[in-house]
Amino acid sequence: MEEVREYRALFAVDIVGSSGRGDVALGQIRQVLSAALHASFTRGGVDWDDCLRHDLGDGMRVVAPAGTPETSLIHPLVHELTARLRAHNLLAGKPTRIRLRMALHAGSVQVGRDGTVSGRPLEVLARLLDAEPVRAALAQDPEATTALLVSEHFHETAVCEGRPGIEPAAFRRVDVREKEFAGSAWLHVPAYGGGPQATGPAPDRTSSTPDRTASDVDAPAGNTKVISKASGHGVIYALGNGTMNIGGKQ
């Protein structure tokens, strides 16, 4: 079967604690996740129908179309997906609530005419998705809806430039040791309001701090504050460094 080698951006998600919920609950969860992924990719300007998708049972692997900018798989996609799942969780019962581990990588893979994809980059993506740092991030913060681990390569090509909506300070370098893979990666836990959030040690809450409103959330070190407020049909992400990102209709 004829195959071509192409550079592709790779995205994978896995539902936390999916086992033991029963077929009915898992079926509903899968439907919600699929719809949220479709909407989030579309919002990021990535054609969902052109993506090569592999159902993982309790998650999904998505190979973006050739030429897709890596940055579009972080912003607005990651924040959009997080916001949609958080909105679902507010109304869902415990059996159908969704928390996700997410991983991002990119590399040269073999793409078959039938849509099959193979290659070392997919193995790296799988190891990132199962890595202890991203598991621990969600275990330590029960309020977090998603946690993202990106490869060193993806971080260099999509995060370091600090494009609007992507805050490099919100990513923390971690060591990954999973099976045959050993290396560094970058951890990011999206803030509850949808903007960037620091993934380092928790702030000292015993110190004297000004009263905060319900819309304030903890952000990267340096007394930076991230504020998320809804206005009409948009969402405004205001960062302490003066950057403001305005999301479109939800």
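With sequence neighbours excluded, the residues satisfying side-chain contact (heavy atoms from CB on, under 4.5 Å) with T157 are E70, H153. The side-chain hydrogen bond (donor to acceptor under 3.5 Å, both in side chains) search around R163 returns E161, not counting sequence neighbours. Taking the side-chain contact (heavy atoms from CB on, under 4.5 Å) definition, one finds that A131 meets it with P133, L149, V176, E178, sequence neighbours left out. With sequence neighbours left out, D58 forms a salt bridge (charged side-chain N to carboxylate O under 4.0 Å, His left out) with no residue at all.
The shortest heavy-atom contact between A137 and L187 is CB-CD2, 4.0 Å. Across all their heavy atoms, H38 and T42 have their closest contact at O-OG1, 2.8 Å. Across all their heavy atoms, A9 and L73 have their closest contact at CB-CD1, 3.4 Å. Minimum interatomic distance between S118 and E3 (heavy atoms only, all atoms of both residues): OG-OE2, 4.5 Å. A182 and R177 get closest at one heavy-atom pair: CB-CD, 3.6 Å. Residues A12 and L129 come closest through the heavy atom pair O-CD1, 3.6 Å.
Formation of a donor-acceptor pair under 3.5 Å by the R8 side chain with backbone atoms of V109 is not found in this model.
The shortest side-chain heavy-atom distance between P65 and V46 falls under the 4.5 Å cut-off. The closest side-chain heavy-atom distance from V62 to L10 is not below 4.5 Å. In this structure, the side chains of L128 and V124 come closer than 4.5 Å at one or more pairs of heavy atoms. L77 is not listed as a side-chain neighbour of S72, based on a closest heavy-atom distance of 4.5 Å or more. In this structure, R61 and L122 have side chains that are in contact, with non-hydrogen atoms separated by less than 4.5 Å.
Interatomic distance, L37 CG to W48 CH2, rounded to the nearest 0.5 Å: 4.5 Å. The OG1 atom of T145 lies 9.0 Å from the CG atom of L138; values are rounded to the nearest 0.5 Å. A distance of 11.0 Å separates OG1 in T68 from OH in Y7, rounded to the nearest 0.5 Å. Taking CD from E80 and NE2 from H75, the interatomic distance works out to 9.5 Å, rounded to the nearest 0.5 Å. Atom CG of L148 sits about 7.0 Å away from atom CZ of F11, to the nearest 0.5 Å.
V150 and V78 fall within a single hydrophobic cluster, where Ile, Leu, Val, Met, Phe, Trp and Tyr are joined by side-chain heavy atoms under 4.5 Å apart, directly or via other members. Tracing side-chain contacts under 4.5 Å through hydrophobic residues (I, L, V, M, F, W, Y), one never reaches I29 starting from V24; they form parts of separate clusters. At a threshold of 4.5 Å between side-chain heavy atoms, the hydrophobic network of Ile, Leu, Val, Met, Phe, Trp and Tyr places V13 and L52 in two separate groups. Put simply, L85 and V16 are part of two different groups of oily side chains (I, L, V, M, F, W, Y) that touch within less than 4.5 Å, one to the next. A continuous path of ILVMFWY side-chain contacts below 4.5 Å connects V32 to F41, so both sit in one hydrophobic cluster.
Screening residues 19-34 for side-chain hydrogen bond (donor to acceptor under 3.5 Å, both in side chains), with sequence neighbours left out, gives R30-D55. The salt bridge (Lys or Arg N to Asp or Glu O under 4.0 Å) pairs that include a residue from residues 121-136 are R101-D130, R120-E123, R127-E180, D130-R135, where partners are two or more places apart or lie in different chains.
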Margin query: With side chain to side chain contact (heavy atoms under 4.5 Å, CB included) as the criterion, how do D14 and L56 come out once you've worked through the C-alpha distance, each side chain's angles and the decisive distance to 0.1 Å?
Written below: CA-CA 8 Å; D14 188 86; L56 302 177; 5.6 Å; no
Next item on the list: Please report the C-alpha distance between L33 and L100 in whole Å, then the side-chain angles of each, then the deciding distance to 0.1 Å, and finally whether the side chain to side chain contact (heavy atoms under 4.5 Å, CB included) criterion is met.
Entry: CA-CA 10 Å; L33 176 59; L100 285 184; 3.7 Å; yes
Margin query: Could you go through I98 and N89, starting from their C-alpha distance and side-chain angles, then the distance that decides it, and tell me whether this counts as side chain to side chain contact (heavy atoms under 4.5 Å, CB included)?
Written below: CA-CA 7 Å; I98 304 174; N89 289 345; 4.1 Å; yes
Next item on the list: Start with the C-alpha distance between M102 and L81, add both sets of side-chain angles, then the distance that settles side chain to side chain contact (heavy atoms under 4.5 Å, CB included), and finish with yes or no.
Entry: CA-CA 11 Å; M102 304 183 292; L81 180 58; 3.9 Å; yes
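A parallel orientation is assigned to the rings of H155 and W186, their planes being inclined by less than 30° (bins at 30° and 60°).
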